[in-house]
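Model, not experiment: these values are computed from the prediction. Both backbone and side-chain heavy atoms feed into the values below; hydrogens, waters and symmetry mates do not. Both ligands and their constituent atoms are indexed starting at 1 by order of listing.
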Amino acid sequence: RRSLETRGGPPSLPALPLIGSLLSLQSNQAPHVLFQKLQQKYGQTYSLMMGAHTVILVNHHRHAKEVLLKKGKIFAGRPRTVTTDLLTRDGKDIAFADYSATWRFHRKTVHGALCMFGEGSASIEKIICREALSLCDTLGESGSASLDLSPELTRAVTNVVCSLCFSSSYCRGDPEFEAMLQFSQGIVDTVAKDSLVDIFPWLQVFPNKDLRLLKQCVSIRDKLLQKKYEEHKADYSDHEQRDLLDALLRAKRSAENNNTAEITTETVGLSEDHLLMTVGDIFGAGVETTSTVLKWAIAYLIHHPQVQKRIQEELDNVVGGDRPPQLSDRGSLPYLEATIREVLRIRPVAPLLIPHVAQTDTSIGEFTVRKGARIIINLWSLHHDEKEWKNPELFDPGRFLNAEGTGLCIPSPSYLPFGAGVRVCLGEALAKMEIFLFLSWILQRLTMTVSPGQPLPSLEGKFGVVLQPVKYKVNATPRAGWEKSHLQPS
Ligand code: HEM
Ligand code: PLO
């Protein structure tokens, strides 16, 4: 009977040919594309060995949902890898921490703090709009010069997450901000090098140069986090919770004073390391993900001026020119919302999510899975599945509109830009608010183009811990009536 239910493990790649293909394809083929192609030979779910670890690749939404939702808790573990251990002091953060009471407690605390911000007087919406105004002013002043949007977009999203985490922000040219740009890119480039699955340490081709760079960048980041931590500790008050770091400090204090209760510093792990690594996660995720989506969105809008024009017409009709867009407009701007969904489909920020680990012996579909197996959900395959998406490489926001073009829909179950289940993205709501507000403010006031003769932005992603676009330059031209910013912050 048993053999009827499960057929043993998934089809397995021979180990040696995989090494060969990984090494030869490394330069011109990103892992998510390679893993998508290997389906043709091995089926939608297959396994391979990476060092001593069994890795199972899931390329279809049915199995992906079984892993993330139906068996979410069984698959809620995370692997330890050389680079993420370096980044997070052996998994003392949220994203790269294994399933545990400590992980659950930190996730809950951060979630609570973010929710509180939504309502408070310094609401997230106000913070984002302040940064959107400053961003639009800077871009509008660029005149006819071509500029790399990346530093300005990054400063805007950094300031949002800085306000949330530390109640601080950066001015243009702030040396601390310039340093942050450097170390964060260094971390994105190197943490990604083993694509989170420990391929290279095993093959011993992990270049020491990269590991050294990662250590350097992590040490600069840690000094910055430590500085913020000391400042907060110095003027902490039980009566006022200014930001996320205060929320974590309060949780730490109450655990320290409450050694009889269930929540003690030992049981939930509220060491200084845990606090630092947790804010480090939110800070890093807050900056790198949102800025990446904005860069992809603008790159696609430049390739598809008719989409940009239709969003601007929608904004003109719904918001007009006398006030800036606000969160309550979100429901009335379906075409903009559909465009955001399409950007998140065609260029998912985390094309392989973060690897999951089976916490017990279990199964995926008819395949048995052993405890400790690493599971990679290939979101790229889900979002580019030809059976689910007609012409998947075509950028078409219309996919997410109903037949009349007046309302939104999710046309396929093969769509999970933020993951799902126990490990679903913790910043989904925040990210959606930011992307909506930044894009609507920009497109109300400015039109993005490239100068005649300049190349269009490349749409080929640079694979890493986030899938980033290659650097490009644009012209930001004020629209009629917006030649000089005339809306002051309220
Ligand atoms: C995890 C996507 C923005 C914080 C994830 C995962 C994905 C994702 C796919 C992994 C889910 C899994 O492993 O199953 C995105 C996208 C974003 C975004 C597409 C922007 C559009 C943010 C922001 C924050 C954030 C702004 C910070 C507030 C996190 C954290 C985790 C996570 C902490 C780890 C959750 C855990 O392991 O328990 N995100 N994210 N993300 N994200 Fe995001
Ligand atoms: C980005 C570089 C920072 O310096 C450190 C950092 C922390 C959290 C990571 C983030 C980096 C990349 C994007 C990640 C995020 C946690 C969740 C998020 C991996 C490495 C995603 C998209 O899964």
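Between H303 and F395, the closest side-chain pair of non-hydrogen atoms is not below 4.5 Å. Between P355 and I375 the shortest side-chain heavy-atom distance does not fall below 4.5 Å.
Inspection of the S271 and H274 side chains reveals an N or O donor paired with an N or O acceptor under 3.5 Å. In this model, no donor atom of one side chain and acceptor atom of the other lie less than 3.5 Å apart for T289 and T292. When only modelled atom types and interatomic distance are considered, D222 and Q226 share no side-chain donor-acceptor pair under 3.5 Å. Side chain to side chain, E388 and S414 fail the donor-acceptor criterion of an N or O pair below 3.5 Å.
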Donor-acceptor list for residues 213-220 side chains, cut-off 3.5 Å, not counting sequence neighbours:
none

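With a 4.0 Å cut-off on non-hydrogen atoms, L353 does not touch ligand 2 at all. Neither the backbone nor the side chain of V191 has any atom closer than 4.0 Å to an atom of ligand 2 (non-hydrogen atoms only). Under 4.0 Å from ligand 2, the heavy atoms of T289 that appear belong solely to its side chain.
Close contacts of ligand 2 with I187, meaning ligand atoms under 4.0 Å from a residue heavy atom, involve 2 (C), 4 (O). Ligand 2 places these atoms under 4.0 Å from at least one heavy atom of A95: 16 (C). Counting atoms of ligand 2 from 1 in the listed order, those under 4.0 Å from a heavy atom of S184 are 2 (C), 3 (C), 4 (O). Counting atoms of ligand 2 from 1 in the listed order, those under 4.0 Å from a heavy atom of V465 are 19 (C). The ligand atoms of ligand 2 that sit less than 4.0 angstrom from a heavy atom of V188 are 1 (C), 2 (C).
In summary, the aromatic rings of F400 and Y415 are positioned with their centroids under 6.0 Å apart.
Considering only residues two or more places apart in sequence or on other chains, K71 meets the side chain to side chain donor-acceptor pair (under 3.5 Å) condition with E66, S363. Residues forming a ring pair (Phe, Tyr, Trp, His ring centres under 6.0 Å) with W441 (at least two apart in sequence, or on another chain): none.
For atom 14 (C) of ligand 2, the closest non-hydrogen atom of the protein is A285 CB, 4.6 Å. In terms of protein heavy atoms, atom 1 (C) of ligand 2 is closest to E288 CG, 3.5 Å. Summary of contacts: the protein heavy atom closest to atom 13 (C) of ligand 2 is V466 CG1, 3.8 Å. At the shortest separation from atom 7 (C) of ligand 2 among protein heavy atoms lies G284 CA, 3.8 Å. At the top of the distance list for atom 23 (O) of ligand 2, counting protein heavy atoms only, stands I354 CD1, 3.5 Å.
Between F75 and the options T360, T362, V58, L69, a side-chain contact (heavy atoms from CB on, under 4.5 Å) holds for only T362.
Distance check for atom 16 (C) of ligand 2: a protein heavy atom is found below 4.0 Å.
Because its NZ or CZ atom is not both nearer than 6.0 Å to the ring centre of W103 and within 45° of the ring axis, R78 does not count as a cation-pi partner of that residue. Taking the centre and axis of the six-membered ring of F183, the NZ or CZ atom of R221 falls outside the cone set by 45° and 6.0 Å.
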Show me the short polar-atom pairs for ligand 1: any N or O of it lying under 3.5 Å from a protein N or O, with distances only.
residue	atom	partner	partner atom	Å
ligand 1	13 (O)	R78	NH1	3.0
ligand 1	13 (O)	R78	NH2	3.0
ligand 1	13 (O)	I354	N	3.4
ligand 1	13 (O)	H356	NE2	3.3
ligand 1	14 (O)	H356	NE2	2.7
ligand 1	37 (O)	R78	NH2	2.8
ligand 1	37 (O)	R423	NH1	2.9
ligand 1	38 (O)	W103	NE1	3.0
ligand 1	38 (O)	R107	NH1	2.8

